[in-house]
Q: 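I'd like to ask you about the structure that follows.
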Amino acid sequence: MSVVDENTTVVIVGSGVAGLALGNFLLRSGIDCVVLEKRSRTYVEQRQRAGVIDHRAARMFRQWGLEDRVLDGVPFEPVLNFRIDGETRPYAYSADGGDGRFCPQQVLVRHLIDVFVSDGGDLRFEAADISLESFSGDERPLVRYRDSAGTTRTIGCDFIAGCDGDRGVSRATIPSGHLTRYAHDYGYAWLTVLAEVPANHQSMMAIHSRGFAGQFARGPEVSRFYLQCPLESSTAEWTDERIWEEIETRFGEPVKTRGEISSKQLVPLRSVVYDPMSHGRLYLLGDAAHIVPPMSAKGMNLALHDADVFAKAVIRQAEEQDASLLDTYSSTCLRHVWNYQAFAAWFTDLMHDSGDASYQGAFRRRIARAEFDRLYASESANRLFSEFLTGLN
């Protein structure tokens, strides 16, 4: 028999955006929770991730009373900046009075940590060997881990929130056969480059016969660049000189300065969804349940939506002994997830098929260009695209 050291309502595994947002929502509602993170606080706060907080997510933080405490970043104007074969072609969309903003995930994570800790939240870093037990039957779930002093601890809880990403222990603990994995590989990767280069705009995306390219501001003097490349590429073959030449070719203009490149990484583009997003009293949130290609800028926003839905479900159960929202958690989230997977797949194909025809052929390239032109010519197309960009569809 396990000796339970302590009890709580929810154990949250992982201190990314989903886990920290959920912890703050529960804490503000008087629901006990413990957040376990295997990494150190320094690692979590410095982990580089892109981020766009869409209008729906910004409104969500306002509804939880956290807007002034956690939201940061530069509000973005409702304009997407494109370079099409070297020619600038800005695209204005309807923001519906929204207040989305560019905000790197590590900035939001730092704010969420600060608020959670300052409000008395229980956040435990360097929690090693996390294991989840007894969550699929009638018994109370147990979470076991080894703390930073090397002591094994056991927490009894009502629910476990698996917010520890695609490679975390939460989803991996669910027995085989209980989840269905849906996946799509797009057939190419992005070379992501972080460089000390000021951006001309908050964002710029290029469509070129050599492939997609993007530049996004990560501060006044730093930019993140993206270059479409074959899946079999390696970072070793992308020398600094080649990177700068390719960026200038695809954008059709020189960069302001060829600053120091601090990191390079290859990211294969893919979409993944696990159904259902729960098993017994274990619930999956964020990347543990679904992944969208970065082209859509929806990964963080889907994670925040999961946290919002799950927090309200737990609160309903705690306050009214009503499990109906917990019972429908997976179906509620998956409707939203599939809606934005559809958008992400369409937008990813549009931007990449419009450029390098060697992946999908000249016919698909012409189709993509026609769809792209429709966004400028049709008010209906603009309105639908705007709804997805803002997260309000």
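Values below: every heavy atom of this structure, side chains too, minus hydrogens, waters and symmetry copies.
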Q: With rounding to the nearest 0.5 angstrom, report the CG to CG distance, L304 to L108.
A: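 Spacing of CG (L304) from CG (L108) equals 6.5 Å.
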Q: For the side chain of D129 and the backbone of R146, is there at least one donor-acceptor N/O pair under 3.5 Å apart?
A: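 No, because the side chain of D129 does not come within donor-acceptor range (under 3.5 Å) of the backbone of R146.
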Q: If you apply the rule side chain to side chain contact (heavy atoms under 4.5 Å, CB included), what do you find for F225 with V197, and how did you get there?
A: CA-CA 10 Å; F225 292 93; V197 177; 4.2 Å; yes
Q: Are D54 and K298 ion-paired here, with the side-chain N under 4.0 Å from a carboxylate O?
A: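 Counted as a salt bridge, because a side-chain N and a carboxylate O are separated by less than 4.0 Å.
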Q: Around atom CZ of R41, are there more than 12 heavy atoms of other residues, nucleotides or ligands at under 6.0 Å?
A: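 Yes, CZ of R41 has more than 12 neighbouring heavy atoms, counting only those of other groups under 6.0 Å.
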Q: Just verifying a value: how many Å separate E246 CD and F251 CZ, rounded to the nearest 0.5 Å?
A: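 Output value for this atom pair is 11.0 Å.
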Q: Are W346 and E371 close enough, and set up right, to give a side chain to side chain donor-acceptor pair (under 3.5 Å), and what steps lead you there?
A: CA-CA 10 Å; W346 171 80; E371 287 191 273; 2.9 Å; yes
Q: Which of these passes side-chain hydrogen bond (donor to acceptor under 3.5 Å, both in side chains) with D353: R364, R365, R369, R366?
A: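 Between D353 and the candidates, side-chain hydrogen bond (donor to acceptor under 3.5 Å, both in side chains) is satisfied uniquely by R364.
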Q: Should V115 and M60 be counted in the same cluster of Ile, Leu, Val, Met, Phe, Trp and Tyr side chains packed under 4.5 Å apart?
A: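 Yes; M60 is reachable from V115 via cluster members.
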Q: Under the 3.5 angstrom rule, does the side chain of Q317 hit a backbone N or O of A323 as a donor-acceptor pair?
A: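 The answer is yes, because a donor-acceptor pair under 3.5 Å joins these two groups.
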Q: Return yes if some donor-acceptor pair links the side-chain N/O of D322 with the main-chain N/O of S324 below 3.5 Å, else return no.
A: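 Confirmed, D322 side chain pairs with S324 backbone.
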Q: Between H352 and Y359, is the ring centre distance below 6.0 Å?
A: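 Between Y359 and H352, which both carry aromatic rings, the centre distance is not below 6.0 Å.
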Q: Under the 3.5 angstrom rule, does the side chain of R242 hit a backbone N or O of E237 as a donor-acceptor pair?
A: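 Yes, because the side chain of R242 sits within donor-acceptor range (under 3.5 Å) of the backbone of E237.
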Q: Below 6.0 angstrom between ring centroids: does that apply to Y376 and Y91?
A: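 For Y376 and Y91, the ring centres are under 6.0 Å apart.
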Q: Could you check, using the six-membered ring where one of them is a Trp, whether Y226 and F216 have ring centers closer than 6.0 angstrom?
A: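 Yes, the ring of Y226 comes within the 6.0 Å limit of the ring of F216, centre to centre.
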Q: Would you mind reporting whether Y145 and V11 have side-chain heavy atoms less than 4.5 Å apart?
A: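 No - every pair of side-chain heavy atoms lies 4.5 Å or more apart.
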Q: Given 3.5 Å as the limit, does a donor-acceptor pair link the side chain of Y329 with the main chain of L284, or not?
A: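 Judged by distance alone, yes, a pair lies under 3.5 Å.
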Q: In the single-linkage hydrophobic clustering (I, L, V, M, F, W, Y; side-chain heavy atoms under 4.5 Å), do V169 and L142 co-cluster?
A: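 The answer is no; the residues belong to distinct hydrophobic clusters.
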Q: For atom CD of E139, decide whether the heavy atoms of other residues, nucleotides or ligands shown that lie under 6.0 angstrom number more than 12.
A: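 No, not enclosed.
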Q: Take atom CD in Q321; do more than 12 heavy atoms of anything else shown fall under 6.0 Å from it?
A: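 Yes, because the 6.0 Å sphere around CD of Q321 holds more than 12 heavy atoms from other groups.
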Q: Out of curiosity, does Y283 fall in the hydrophobic cluster containing V34 (side-chain heavy atoms, cut-off under 4.5 Å, transitive links)?
A: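 As far as the 4.5 Å side-chain criterion goes, Y283 and V34 are not connected within one cluster.
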Q: Would you call D166 and R171 a salt bridge, taking side-chain N to carboxylate O under 4.0 Å as the test?
A: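 Answer for the salt bridge query: yes.
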Q: Got F116 and V35 here, is their nearest side-chain heavy-atom distance under 4.5 Å?
A: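 Counting from C-beta outward, F116 and V35 do come under 4.5 Å.
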Q: Just verifying a value: how many Å separate R59 CZ and T390 OG1, rounded to the nearest 0.5 Å?
A: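 The CZ atom of R59 sits 7.5 Å away from the OG1 atom of T390.
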Q: Salt bridge between D114 and R69, side-chain N to carboxylate O under 4.0 Å?
A: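 No salt bridge links D114 with R69.
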Q: To the nearest 0.5 Å, tell me how far E379 CD sits from S386 OG.
A: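 With rounding to 0.5 Å, CD (E379) is 11.0 Å from OG (S386).
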Q: What do you reckon, are the aromatic ring centroids of F212 and Y188 less than 6.0 Å apart?
A: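 Ring-ring flag for F212/Y188: false, centres at least 6.0 Å apart.
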Q: Is the shortest side-chain heavy-atom distance between P198 and T257 below 4.5 Å?
A: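 P198 reaches T257 side chain to side chain.
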Q: Go through the steps to decide whether V314 and L22 satisfy the test side chain to side chain contact (heavy atoms under 4.5 Å, CB included), and finish with yes or no.
A: CA-CA 10 Å; V314 171; L22 174 61; 5.9 Å; no
Q: When rounded to the nearest 0.5 angstrom, what distance separates CG in N7 from CG in D32?
A: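 If we round to the nearest 0.5 Å, N7:CG and D32:CG are 10.0 Å apart.
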Q: So, R250 and D356, do they make that salt bridge, N to O below 4.0 Å?
A: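 So R250 does not pair with D356 through a salt bridge.
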Q: Identify whether W238 and V255 are in the same connected component of the hydrophobic contact network (ILVMFWY, side-chain heavy atoms under 4.5 Å).
A: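 Both belong to a single hydrophobic cluster.
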Q: Ignoring hydrogens and geometry, is there a side-chain-to-backbone donor-acceptor pair from R28 to W64 under 3.5 Å?
A: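 Yes.
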Q: With salt bridge (charged side-chain N to carboxylate O under 4.0 Å, His left out) as the criterion, how do D240 and K264 come out once you've worked through the C-alpha distance, each side chain's angles and the decisive distance to 0.1 Å?
A: CA-CA 10 Å; D240 290 5; K264 306 174 190 177; 2.9 Å; yes
Q: Taking it one step at a time, do S271 and Y182 satisfy side chain to side chain donor-acceptor pair (under 3.5 Å)?
A: CA-CA 8 Å; S271 292; Y182 300 93; over 6 Å; no
Q: Indicate, with yes or no, if F388 and M295 share a hydrophobic cluster defined by side-chain heavy-atom contacts under 4.5 Å among Ile, Leu, Val, Met, Phe, Trp and Tyr.
A: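 Hydrophobic grouping puts M295 with F388.
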Q: For the SG atom of C33 and the CG atom of L26, what is their distance to the nearest 0.5 Å?
A: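 Output value for this atom pair is 5.0 Å.
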Q: Donor-acceptor check, side chain of D5 to backbone of I155, threshold 3.5 angstrom: yes or no?
A: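 Side chain of D5 to backbone of I155, a donor-acceptor pair under 3.5 Å: no, none is there.
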Q: Before you tell me yes or no, could you show the steps for F61 and F25 under side chain to side chain contact (heavy atoms under 4.5 Å, CB included), namely the whole-Å CA-CA distance, both residues' side-chain angles and the distance that decides it to 0.1 Å?
A: CA-CA 9 Å; F61 279 120; F25 298 161; 4.2 Å; yes
